[in-house]
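First the proteins, then the strands, lettered A, B, ... as listed; each starts at 1. It should be emphasised that the depicted structure is a prediction, and the values quoted were computed from it without experimental measurement.
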Amino acid sequence: MEGGGYIEVATTRPETMLGDTAVAVHPEDERYRELVGRFALLPLVKEERKSLKGDRVSRRIPIIADRRVKKEFGTGAVKVTPAHDPLDFEIGKEHHLPFVKVIDERGIINENGGDFEGLERFKAREEVVKKLKELGLLSKVEKIRHSVGKCYRCKSTVEPLVSVQWFFKVSDKKIREPSLKVVLEGIEREEERLERVEFIRGEAITLRILKEGEILLFEEVEEIAGRREDGTYYLYYQGEPREVFNEFYAKSKVLNGRRGNYEVIKEGHTLKILRDGEVIETFSGEVSVDVGGRILGIRREERPVKVKETSKVNFIPKNWENFYKPWIENLKDWCISRQIWWGHRIPVWYCKDCKKENVFSDEDFENIYDKLIFNLIADGKIREEFSVEEVVKVLNSKNFLKPHMSNLDFYREYVYRGQNVGISESNLFLYLNNYSKNYQYLKEKKKWRFLLRCKACGSTNLKREEDVLDTWFSSALWPFGVFKEDERRKLFPTDLLITGFDIIFFWVARMIFTSLYFYKVEPFKDVYIHALIRDEFGRKMSKTLGNVIDPLDIIEKYGADSLRFTLASLTVQGRDIRLSEKSFESAKHFANKLWNASRFVIMNTPKDLLSELPSVSDLKTEDRWIITLLNETVREVNESLKSYEFSRACQKLYDFVWNNFCDWYIEMVKGRVRERDLGALYTLNYVLDKVLRLLHPFMPFITEEIWDNMPTKDEESLALKEYPTFIPQEVFKEDKERVEELKDFISTARYLRSVIGLKPSQRVKLYYRGAEKIVEGFEETVKELARLSELIPTQERPKNTVAGFGKSFSLYLEVPQSIDLKALKENYKRRERKVLEELRRVEEKLSNEEFLKKAPKEVVEKNKRIREELRGELEKIRSFLEVLDAN
RNA sequence: AGGCGCGUAGCUCAGUUGGGAGAGCGCCGCCCUUACAAGGCGGAGGUCGGGGGUUCGAAUCCCCCCGUGCCUACCA
C-alpha cells in the first residue's frame, strides 16, 4: 500500500497482474473500508505501462468498492484486470479504469509486461510466481478447481483479451420492445393493398352451402364467378338477383326484393352476400364453389383495400416464448466482427492519414458504373485492384442467389431497378479511361484501382477493415437481399420457419428484430421448434461418443419411408426424440402391410373399373362404415397437421389402415370381391386412393409406387394431388354403429373359440339371442370371420355350448367334444371381478348426491348407462358361471 | 444457484379445455385361413413417482418432496 502495508489478493491467473489497474473490495466489507480510495503499488511492473487509448498508466492503482465482489470469496479483495477478464472489463468500464493489455493475440506477454516481455503466457505465470516468491510477496499457493473456456477445435485455453470490434446496437428500445411485443401479444398494423379480383364466366358453376351436414343451398348456375389472389372465390351477379337467390330470399329479410349488384364471397367456412359492395348476409358452414366445364371468359379488376393486420410470431410449442423472452429483455449489443477468413467483409475503410473511419455504400457514388464496381469490391467479387475483363466476367457469371440469372441481371433487376445498366468491355474501358477521376491505372499490373476517398480529408490512402461479419448477421440480412420489393410484399412475412431451439437466439430473434426494424413486419408467422434427436439412453448424438445413427444405414436396412414415418410419429411437441434402431421396425412393418393390402386391392380390380363406377346407392353398410371412418381420419389428420401434431397424424393413419381397413374391411368384403361386386371394388379403391394421398407426406416413396399401379391414377404424380379434406356428406352414422356392433359380435365369438381352444380350421355352430338386427344381412360375413359352420338364432342356451355376452346380445358356441372348461371358468371369474370393480365405482358415483346435483347431465346419463350395461353383463356372467358349476 | 421440462404396462412413449386408463415393441396361447408369418386370431400386464390441497369427480389444475434431463449464470 502507498504509505506502507499490504493488501492481499487471490488469483488463479498471476500473470495477468501485470495488467492490473485496480483492486476491488465489497463496499460493506469492514476489513477494507479504510482502504477504499487509497492506492496500492503494483509489484513486478514497470513504472509506466500504456493503456489501450495510448495513455500512460502508473503502477499506483486505486482500491475501489464494487458490489460484484464477494466478501467471503478468497481474501475478499480482488485484483482488477479490465483488459483480460470479462467481469473486470465491466468493472473497469464503470470505474473508468485504464485498460492495460499485457498478453497479445499470440498468447505472449507484450511490452507492458516489463521483464516478462516475450514470455509465453503459461511460462510467464511460472515466472511471475517465482518472482513474487523471491520478493516475499507470495502468501500461499492453494489448489482450486474452476472451469476454463477451451477452443472447441484445438482445446487450447481461450485467452480473454480486449480488442476493437464492431457492434450492432440492438440494446435499443426501438429494437427490443417490438421484438418482445410481436411474440407475446402481436402488433397491429394497417396496410393499403391493391386487391386483384378475377371474374370468371364458366359453363357450370356449383355453389353449395352446408351447415352441420345439412345442405342449405345447392345450385348450379351459369354466371360469373370470381377468384381472388388468395384463392377465395366469388360469385358475382350483376343487376337483379336471379333465381339462385330464392333460397336466400326465404332466409333473409334484408335481401327480399331489393335490387342491386350482388356478390357472393367464399372465405373459408363463411359465405358472405354483398350488395353494392356491402355485406348484408353471412352464412357459415362447409361452403364449396366449383368452376367446372369450360371457362368462357375472365375479366380482371383491381380495387384498393385497407387491411388491418396483426404482426404476430407464434412459437410452436408455445413454451419457447419463455426461452426467447428473457433473452430479448437482456439484449446486449451484438458483436458482429469475426476474425476469420471467410464471410462478408465489413464495409469500413480507415484513413491512414487522418484516422477517420469511413463507411461506404453504393449510395456514395452517383454514376452507375461506380456503384457497380463498388458493390463488386465490397462483396468481394473482385479485388480492389482489378482488370476490365475480370469485371465483365463476374458480371456475366451466374448469380448465387438467383442462379438462373447473371450477376449483371441481378443488379439490374434487384438493385438498380429501372436503370439502364448495360455494360461491356469496351464501354467500361472507355468509362474508366476517360470519364472518371475515381480510378487509377496501374501500368505494370495492367489493372485499375477504385479510388475511395476519405470523407474527412480526401486522402486515397485507405485501409479496409479486416474483420468479416458474423455469419448470423449475414443470415439476418437474408430477407433484405433476396426479394424484389413486389416479391417481398407478396412473400413476406413467410408462413413458417422450422429450426432447432438453439437457433432461437442465433437467428430467429435476429431475423425478427431486423425485419421489424426495417420492414415493419414480422419475418414469419410460425416458428416450429423441432425436437432434438437423442440416442436410446437420452444422450445427445455425437461423433465422439459414437452413438450417431446414420440415416443412410437406416434407409439401407429399413427404407426411407420407415425412417420418415418413424421420425414423424416420434415427434411430439416439446419433447426430444429418443431414437434407437428398434423404432424403425414398426414403421417397416406398417409399410409392408400397406404394400400387401394395396396388392390385394390392385390385383382384384379390373382395369376398366372406372368405366362402370357404381352410384352411392350400390354401396353396402360396411362400405359406408369404412368411408365414414376414413372421413373421420381425414379430419383428424388435417387437424393434427394444422397444429403440427405429427405424431397424432401418424397414429390415426396407422390405426385406420391397419386396424380398420386391413383387419376388418378387407376381411369383410373378400366374398364380395370374389364375386366382382362393384360397390366393394369401388370402395376399396376409393379408400386406398385417399389413404395414399394422406400417407404421402409421411411415406412418399411407397405411396407413389403404389399409386402408379392404381387403376384410378392419371399422369400426374401423387405428390401433386390434392390432399383429402373432410366431406360432411360422407358421414353415415347408422352404418357406422351397425358395423361396430357387428365387430363386437364377431369378437365375442372369436373370444369364445379361443377360450375353449378351438383351432382356426375347426368350424362349429353358433347360436345367438338378441342380435337379429346385428346379424341381418351379414350372415355370410359372420360365418367367415368367426369360422362358423352354422349361425342359428335361439331363445335358450342349447346343450354343449359355452356362452358369451355383448351389450345387447348373448352367444352360445358349440363345444364339439368334451373340452376342459377350466380355463373358461377362470376367465369368467376374472371378468366378474373386473365388472364388479367397475360397477362399484360407478354406483359409488351415482349414489353421491353432490355428483347428481353438480355434474353435467350428459355425464350423469352416461354413468347410468354404464351402470345398466355392467349390471346386465354381471347377471349374464353369473348365470353362466352357475351353469358351468353345475356341469 | 436460477429457469424450463420430464417421471403413465417389462421397454419407448401417447393421453388438447378435469368426467368409464391407450399405442408400438416385448411377453403368453393357438394358427401357413390363396394381400400379408415383416402375418392372423385371442390373452396377460398399470394404487398414472410420493404426499397434501381444490372439486361432486384429478393421470390431467395448485403446493411441497424425491428422482431425472436440459438451458443460463457464477467459479478472483
Counting a pair only when it is Watson-Crick or G-U and both distances are under 3.5 Å, which runs of at least 3 such pairs involve RNA chain B? B:1-7 with B:66-72, B:10-13 with B:22-25, B:27-31 with B:39-43, B:49-53 with B:61-65
With respect to the side chain of A:K588, which nucleotide from B:C56, B:A38, B:G20 is positioned closest? B:A38
May I ask you to decide if the ring planes of A:Y558 and A:F584 are parallel, tilted or perpendicular, using 30° and 60° as cut-offs? tilted
From C-beta outward on A:H589, which listed nucleotide comes closest to its side chain: B:C56, B:A35, B:G39? B:G39
Does any residue of residues 75-87 of chain A have a heavy atom under 4.0 Å from RNA chain B, and if so, which ones, in number order? A:V78, A:L87
Do A:R753 and A:E814 meet the salt-bridge criterion of a basic N to acidic O distance under 4.0 Å? no
Are side-chain heavy atoms of A:C650 and A:T566 found at a separation under 4.5 Å? no
Of A:S761 and A:S586, the one whose closest RNA chain B nucleotide lies more 5': A:S586
Nearest-neighbour nucleotide for the A:F501 side chain, B:C56, B:C71, B:A35 considered: B:C71
Ignoring hydrogens and angles, does a donor from either the side chain of A:E645 or the base of B:U16 sit under 3.5 Å from an acceptor on the other? yes
Which part of the nucleic acid does A:N592 contact within heavy-atom distance under 4.0 Å: base, sugar-phosphate only, or nothing? base
Does the side chain of A:R635 reach to within under 4.5 Å of the side chain of A:E632, using non-hydrogen atoms? yes
Side chain of A:R750 only, heavy atoms from C-beta on: which candidate in B:G42, B:A38, B:G24 is closest? B:G42
Assign A:K853 to base, sugar-phosphate, or nothing according to its heavy-atom contacts below 4.0 angstrom with the strands shown. nothing
I want to verify a distance call: between B:C30, B:G42, B:C74, whose nearest atom is closest to the A:K70 side chain? B:C74
With heavy atoms under 4.0 Å as the rule, sort A:F323 into base, sugar-phosphate or nothing. sugar-phosphate
Measuring only the P atom in each nucleotide, how far is B:G40 from B:A23? A whole number of Å is fine. 15 Å
So, do A:Q651 and A:S569 sit near enough that their side-chain heavy atoms are less than 4.5 Å apart? no
So if I take every side-chain heavy atom of A:S754 and compare against B:G29, B:G19, B:C74, which nucleotide ends up nearest? B:G29
Inspect the contact between A:K140 and A:E142 and indicate whether a charged nitrogen and a carboxylate oxygen are less than 4.0 angstrom apart. yes
When the P atoms of B:U54 and B:A9 are compared, how many Å lie between them, rounded to an integer? 29 Å
Determine the interplanar angle of the A:Y686 and A:Y682 rings, folded into 0 to 90°, and report it as parallel if under 30°, tilted if 30 to 60°, perpendicular if over 60°. parallel
Pick the P atom in B:G46 and in B:G50, then give their distance to the nearest Å. 15 Å
Parallel, tilted or perpendicular: ring planes of A:F501 versus A:W320, cut at 30 and 60 degrees: parallel
Under 4.0 angstrom, heavy atoms only, what part of the nucleic acid is A:S647 near: base, sugar-phosphate, or nothing? nothing
Pick base, sugar-phosphate or nothing for A:R648, based on heavy-atom distances below 4.0 Å to the nucleic acid. base
What's the separation between atom CG in A:L570 and atom OG in A:S647, rounded to the nearest 0.5 Å? 7.5 Å
Is A:K759 close enough to B:C31 that one of its side-chain N or O atoms is under 4.0 Å from OP1 or OP2 there? yes
Take atom C1' in B:G43 and the same atom in B:C4, then report the distance between them in whole Å. 42 Å
Nearest-angstrom distance, C1' atom, B:A21 to B:G15: 9 Å
Can you tell me which residue pairs pass the salt bridge (Lys or Arg N to Asp or Glu O under 4.0 Å) test with a partner in residues 555-567 of chain A, sequence neighbours excluded? A:K557-A:E581
Classify A:F73 by what it touches in the nucleic acid, base, sugar-phosphate, or nothing, heavy-atom distance under 4.0 Å. base
Strictly below 4.0 Å, heavy-atom distances to any atom of RNA chain B: list the hits from residues 652-676 of chain A, or just say none. A:Y654, A:W658, A:C662, A:D663, A:I666, A:E667, A:K670
Say you draw a straight line from CZ of A:R867 to CG of A:N863; how long is it, rounded to the nearest 0.5 Å? 9.0 Å
Determine whether any donor atom in the side chain of A:K593 lies under 3.5 Å from an acceptor atom in the base of B:C36, or the reverse, and answer yes or no. yes
What about the rings of A:Y324 and A:W327, do their centers lie closer together than 6.0 Å? no
Residues in side chain to side chain donor-acceptor pair (under 3.5 Å) contact with A:H589, at least two apart in sequence or another chain: none
Using heavy atoms and a sub-4.0 Å distance, could you list which residues of residues 854-868 of chain A are near RNA chain B? By number, please. A:K854, A:A855, A:P856, A:V859, A:K862, A:I866
Nearest-Å distance, CG (A:L684) to C1' (B:C36)? 15 Å
Please confirm whether the ring centroid of A:F89 lies under 6.0 Å from the ring centroid of A:F99. yes
Ranking A:A24 and A:S598 by the position along RNA chain B of their nearest nucleotide, the one closer to 5' is A:S598
